[in-house]
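Index from 1, following the sequence.
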Amino acid sequence: IRSKVYHSPRLWYVRVNVIEAQDLVPADKSRFPDAYVKVQIGNQILKTKPVQTRNMNPIWNEEFMFVAAEPFEDHLTFTVEDHAGPNKDETIGRTVIALNSIDRRADDRFVRTRWYNLEKSLSDAMDSDRAKKDKFHSRLHVCVCLDGGYHVLDESTQYSSDLRPTAKQLWKSSIGVLELGILNADGLQPMKTRDGKGTSDTYCVAKYGHKWVRTRTIVNSLNPKYNEQYTWEVYDTATVLTVGVFDNSQIGGSDNTRDNKIGKVRIRISTLETGRVYTHCYPLLVLHPSGVKKLGELHLAIRFSSTSMVNMMSQYSRPLLPKMHYKRPLSVIQQDILRHQAVNIVAARLGRAEPPLRREVVEYMSDANAHLWSMRRSKANFLRLTSVFSGLFSAGKWFGEVCTWKNPITTVLVHILFAMLVCFPELILPTVFLYMFLIGVWNYRYRPRYPPHMNTSLSCADAVSPDELDEEFESFPASKSSDIVRMRYDRLRSVAGRIQTVVGDIATQGERLQALLSWRDPRATTIFVLLCLVAAIVLYVTPFQMIALLAGFYVMRHPRFRHKTPSAPINFFRRLPARTDSML
């Protein structure tokens with residue numbers, strides 16, 4: 001199969017506000033309807049809550065978000081229904097709006113609302129001349145627009161290859177060009193059997209922005225040579241190029257109807273030095289229910305060339321996402337639902353190309369299932385979090401050693417430095433920034449020589465139990481036996497219980513801070529208020545340098561003058577009441 005360049009469809013968010021209806025005519029005229037509105041674009045369906053009123057003019061005022069792709073093939077359909085009882089919903093009327101007739105906006109400016117006539121049948125609703133034939137109609141009041149100020153996320157936010165808004169008038173000029181050379185793969189594992197021996201028919205797919213590329217399929221080779229080159233325009237360095245390798249199951253010798261994934265490589269543009277050619281072999285790692293496997297290596301050549309150094313450096317002062325994401329942010333649940341719909345739309349459109357880019361390929365390249373629960377990912381994220389704070393923990397441990405005079409010379413030097421900074425406070429900020437500068441210069445020689453690749457240790461993929469892997473690859477909803485599902489549910493409850501305890505402890509500390517001045521404990525608040533008054537008077541009449549020196553030397557006093565029990569302020573803080581006694 002020959003190589004091919006694909007382009008993702010241009011995606012829009014469709015914002016729909018269902019406001020009210022007038023003069024509804026239900027089938028059962030002996031009662032007022034429990035009306036709700038069903039809004040549909042393609043296979044995306046959302047509903048308002050049923051409204052019980054004492055008239056035929058219900059008010060909902062609910063807002064929904066959908067995803068649509070150019071060229072617009074679907075219609076926006078509103079169906080007003082009467083919830084007459086369990087499994088007994090009756091259609092009152094419907095109206096259909098062509099998506100290409102909807103107002104478009106690039107910011108949060110006002111969009112005018114409209115009244116639409118409700119028809120009994122779908123054919124009548126799509127008949128534009130029907131309104132002229134009938135004199136009376138039930139009506140629906142809605143506000144609809146295509147929101148071009150957002151970037152429609154069709155991939156995991158951590159690995160986005162494009163961050164531009166939908167509206168082209170908001171696009172900034174490109175900052176450079178990315179060149180990719182897909183050279184060859186080595187040591188691939190056989191994915192099928194042909195003529196009594198293992199083999200593979202592989203091709204590569206690269207995705208960056210709206211542009212997808214697919215190399216030609218190299219048949220019957222475990223060391224295929226592609227030697228194909230592609231280029232992309234770069235608009236933001238905080239984006240990721242993804243290159244995947246797949247086995248073509250459409251060529252004879254395979255019993256699988258899905259193209260098998262062999263592995264993928266992610267390269268963040270910000271990790272590439274400008275103008276440098278990176279030629280490197282990347283391991284192709286895939287996580288299977290049986291564990292992580294290395295299925296070969298992919299040899300790539302990459303170069304990022306900047307066309308405007310000023311524009312590229314100015315990117316670091318701009319928001320990561322378009323402004324609409326901050327002016328009118330979407331909830332986490334909305335983002336997950338909309339991302340799922342966007343991936344489905346992109347997969348359906350690319351699947352109709354010739355040759356088609358199959359759904360499993362698009363979903364794998366887009367990390368469509370990255371939001372699903374995984375015990376392995378949870379452990380990996382927890383270890384990442386502890387690694388982030390390890391520097392603070394190390395600094396705290398070092399400061400404790402200074403305070404306990406573990407190394408007297410270091411402690412004396414710290415005392416001298418502390419006295420200098422207190423006597424000359426204008427040196428504090430320059431000293432901090434100089435220290436960070438020196439750390440950055442020192443770490444320069446340890447910088448990565450090549451863009452980082454998949455890390456099995458960081459992903460906790462090399463020490464994961466078989467049951468956790470089986471849970472990660474389980475379908476959604478679950479299809480395992482009730483005993484296995486119950487066991488996993490109990491395990492999840494155990495993990496969630498520990499998280500719940502940690503969150504509760506953090507909330508307790510915060511509530512104790514609030515209790516200092518809230519008079520929940522009248523004696524503690526009295527003590528704290530009086531201490532604040534005394535501190536204010538002392539600090540007012542005593543030079544700041546003297547106070548700081550005394551406090552610093554008190555903290556770092558010699559061990560034989562220190563007590564092993566917690567200090568009075570810590571004891572006082574721990575005695576403050578939290579609101580845990582008010583919880584069930």
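Remark: Ile333 CD1 is loosely packed, at most 12 non-hydrogen atoms of other residues, nucleotides or ligands lying under 6.0 Å away. Atom CZ of Arg384 is surrounded by 12 or fewer heavy atoms from other residues, nucleotides or ligands within 6.0 Å. For Phe437, the CZ atom is loosely surrounded, since the number of other residues' heavy atoms within 6.0 Å does not exceed 12. Counted within 6.0 Å of CD on Gln52, heavy atoms from surrounding residues, nucleotides or ligands total 12 or fewer; the atom is thus considered open.
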| field | salt bridge (charged side-chain N to carboxylate O under 4.0 Å, His left out) assessment of Arg339 paired with Asp154 | value | CA-CA 5 Å; Arg339 183 186 301 117; Asp154 60 344; over 6 Å; no
| side chain to side chain donor-acceptor pair (under 3.5 Å) assessment of Asp336 paired with His340 | CA-CA 6 Å; Asp336 286 341; His340 177 70; over 6 Å; no
| Leu180 vs Leu300, side-chain contact (heavy atoms from CB on, under 4.5 Å): CA-CA, chis, key distance, verdict | CA-CA 7 Å; Leu180 171 67; Leu300 301 176; 4.2 Å; yes
| task | Step by step, work out the side-chain contact (heavy atoms from CB on, under 4.5 Å) result for Ile45 and Val39. | result | CA-CA 6 Å; Ile45 302 176; Val39 190; over 6 Å; no
| task | For side chain to side chain donor-acceptor pair (under 3.5 Å), just list the numbers for Tyr203 and Ser3, CA-CA rounded to whole Å, side-chain angles, deciding distance to a tenth of an Å, and then say yes or no. | result | CA-CA 9 Å; Tyr203 63 92; Ser3 58; over 6 Å; no
| said: Working note: Trp12 + Val152, criterion side-chain contact (heavy atoms from CB on, under 4.5 Å); need CA distance, chi angles, decisive distance, verdict. | reply: CA-CA 7 Å; Trp12 290 80; Val152 180; 5.6 Å; no
| said: Could you walk me through whether Glu360 and Lys261 satisfy the salt bridge (charged side-chain N to carboxylate O under 4.0 Å, His left out) test, starting with their C-alpha distance in whole Å, then the side-chain angles of each, then the deciding distance to 0.1 Å, before giving a yes or no? | reply: CA-CA 9 Å; Glu360 60 270 18; Lys261 55 190 179 185; over 6 Å; no
| request: Using the side-chain contact (heavy atoms from CB on, under 4.5 Å) rule, take Val18 and Phe64 through it: C-alpha gap first, then chi angles, then the decisive distance, then the call. | output: CA-CA 8 Å; Val18 181; Phe64 304 107; 4.1 Å; yes
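A salt bridge is absent between Lys4 and Glu354: the closest approach of a Lys/Arg side-chain nitrogen to an acidic carboxylate oxygen does not fall below 4.0 angstrom. For the pair Lys172 and Glu233, the salt-bridge criterion is not met [side-chain N within less than 4.0 Å of a carboxylate O]. With salt bridges taken as basic N to acidic carboxylate O contacts below 4.0 Å, one links Asp367 and Lys264. Ion pairing between a basic and an acidic side chain is recognised when a charged N comes within 4.0 Å of a carboxylate O; Glu81 and Arg94 show no such pairing. Under 4.0 Å is where a charged nitrogen must lie from a carboxylate oxygen, and between Arg139 and Asp23 no such pair does. Here Asp103 pairs with Arg112 in a salt bridge; the nearest charged N to carboxylate O distance falls below 4.0 Å.
Rounding to the nearest 0.5 Å places CG of Leu272 at 12.0 Å from CZ of Arg303. One distance of note links CG of Leu170 with CG of Asp107; it measures 8.0 Å at 0.5 Å rounding. Rounded to the nearest 0.5 angstrom, Ile337 CD1 and Gln341 CD are separated by 8.0 Å. Here CD1 of Ile302 is found 4.0 Å from OH of Tyr282. Values are rounded to the nearest 0.5 Å. One distance of note links CG of Asn100 with CD of Glu73; it measures 11.5 Å at 0.5 Å rounding. Between atom CG of residue Leu146 and atom CZ of residue Arg15 there is a gap of 11.5 Å, rounded to the nearest 0.5 Å.
Residue Leu188 forms a side-chain contact (heavy atoms from CB on, under 4.5 Å) with just one option from Ile218, Leu295, Leu284, Asp247, and that option is Leu284. The side-chain contact (heavy atoms from CB on, under 4.5 Å) with Glu62 is formed by just one residue from the set Thr48, Leu46, Val16; it is Thr48.
No donor-acceptor pair closer than 3.5 Å links the side chain of Ser387 to the backbone N or O of Leu383. Without hydrogens or angle criteria, Arg105 side chain to Cys145 main chain gives no donor-acceptor distance under 3.5 Å. Side chain of His325 to backbone of His151: a donor-acceptor contact under 3.5 angstrom is found. Counting only distance, with no hydrogens or angles, the side chain of Asp74 and the backbone of Ile41 share no donor-acceptor pair below 3.5 Å. In this structure, Ser305 contributes its side chain and Gly275 its backbone to no donor-acceptor pair below 3.5 Å. At distances below 3.5 Å, not a single donor-acceptor pair connects side-chain atoms of Arg328 with backbone N or O atoms of Asp108. Put simply, the side chain of His83 never gets that close to the backbone of Pro50: no donor and acceptor are under 3.5 Å apart. Judged by distance alone, with hydrogens and angles left aside, the side-chain atoms of Arg352 form no donor-acceptor pair with the main-chain N or O of Arg349 at under 3.5 Å. Under a 3.5 Å cut-off, the side chain of Lys49 and the backbone N or O of Val51 do not form any donor-acceptor pair. Under the 3.5 Å distance criterion, the side-chain polar atoms of Glu63 are left unmatched by any main-chain donor or acceptor of Met65.
Inter-residue side-chain proximity for Lys207 and Glu155 is flagged as met; some heavy-atom pair is nearer than 4.5 Å. Put simply, the side chain of Ser459 reaches to within 4.5 Å of the side chain of Arg376, judged on heavy atoms. Inter-residue side-chain proximity for Val37 and Leu140 is flagged as met; some heavy-atom pair is nearer than 4.5 Å. Contact check for Ser160 versus Thr239: no side-chain heavy atoms found under the 4.5 Å cut-off. At a threshold of 4.5 Å between non-hydrogen side-chain atoms, the residues Thr202 and Asn248 do not count as touching. Counting heavy atoms from C-beta on, the side chains of Ile345 and Leu11 come closer than 4.5 Å. No side-chain heavy atom of Phe78 sits less than 4.5 Å from a side-chain heavy atom of Leu118. You'll find the side chain of Ile102 reaches within 4.5 Å of the side chain of Leu99, heavy atoms only.
Scanning all heavy atoms of the two residues, the minimum distance from Ala301 to Leu183 falls at CB-CD1, 4.2 Å. Of all the heavy atoms in Met312 and Phe304, the pair that sits closest is SD-CE2, 3.6 Å. Residue Leu153 comes nearest to Ala342 through the heavy atom pair O-CB, 3.7 Å, listed as atom of the first residue, atom of the second, then distance. Gly149 and Pro165 make their closest contact through O-CB, 3.8 Å (heavy atoms, listed as atom of the first residue, atom of the second, distance). Nearest approach of Trp212 to Ser366, heavy atoms of both residues: CH2-OG, 4.0 Å. Scanning all heavy atoms of the two residues, the minimum distance from Tyr316 to Ser270 falls at OH-CB, 4.3 Å.
Geometrically, Lys211 does not engage Tyr6 in a cation-pi contact, judged by NZ or CZ lying under 6.0 Å from the ring centre and within 45° of the ring axis.
Between Trp115 and His141, the ring-plane angle classifies as parallel under the 30° and 60° cut-offs. Tyr230 and Trp232 have tilted rings, their planes meeting at an angle from 30° to 60° on a 0 to 90° scale. A perpendicular orientation is assigned to the rings of Tyr450 and Tyr278, their planes being inclined by more than 60° (bins at 30° and 60°).
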